[in-house]
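This report refers to the structure that appears directly beneath it.
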Amino acid sequence: MGYELRAVIAGDELLRDASRGVAGARVAPLRQGLSLMPMTDEVFDAVTDGSTAGA
């Protein structure tokens, strides 16, 4: 059994701004001003056109 986590790690302020208005977005603070945001299907669709072209 495997588990795959897709997430974005970036500056805390940048992720919080990007996730504003996306109900399913959760930002988890890390260290040194960085945060992690899991890339759920809901978040992916909200920040892209929903396609995986170029991924």
Side-chain angles (χ1 to χ4, degrees):
M1 182 172 146
Y3 182 77
E4 182 177 327
L5 172 66
R6 293 182 184 195
V8 175
I9 297 175
D12 184 67
E13 188 175 326
L14 176 67
L15 283 185
R16 292 196 186 278
D17 287 345
S19 66
R20 192 167 289 129
V22 180
R26 301 291 180 259
V27 177
L30 300 173
R31 293 182 179 204
Q32 299 176 343
L34 295 175
S35 287
L36 177 141
M37 181 174 64
M39 188 55 65
T40 63
D41 290 339
E42 182 180 6
V43 172
F44 182 82
D45 291 343
V47 298
T48 68
D49 64 3
S51 72
T52 58

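Values in this document were obtained by computation on a predicted structure and should not be read as measured data.
Annotation: side chain of Met37 is in contact with side chain of Ser19 (closest heavy-atom distance under 4.5 Å). A heavy-atom distance below 4.5 Å is found between the side chains of Pro29 and Arg16.
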Item to check | From CA spacing to verdict: side-chain contact (heavy atoms from CB on, under 4.5 Å), Val8, Leu36 | outcome: CA-CA 6 Å; Val8 175; Leu36 177 141; over 6 Å; no
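Other residues, nucleotides and ligands contribute at most 12 non-hydrogen atoms within 6.0 Å of the CG atom of Asp41.
To the nearest 0.5 Å, atoms CG (Asp45) and CE (Met39) are separated by 10.5 Å. Taken to the nearest 0.5 Å, the CG atom of Leu34 stands 8.5 Å off from the CG atom of Asp12. Atom OG1 of residue Thr40 and atom CZ of residue Arg6 lie 12.0 Å apart, to the nearest 0.5 angstrom.
Phe44 and Leu15 fall within the same hydrophobic cluster, where Ile, Leu, Val, Met, Phe, Trp and Tyr residues are linked whenever their side-chain heavy atoms come under 4.5 Å apart, directly or through other members.
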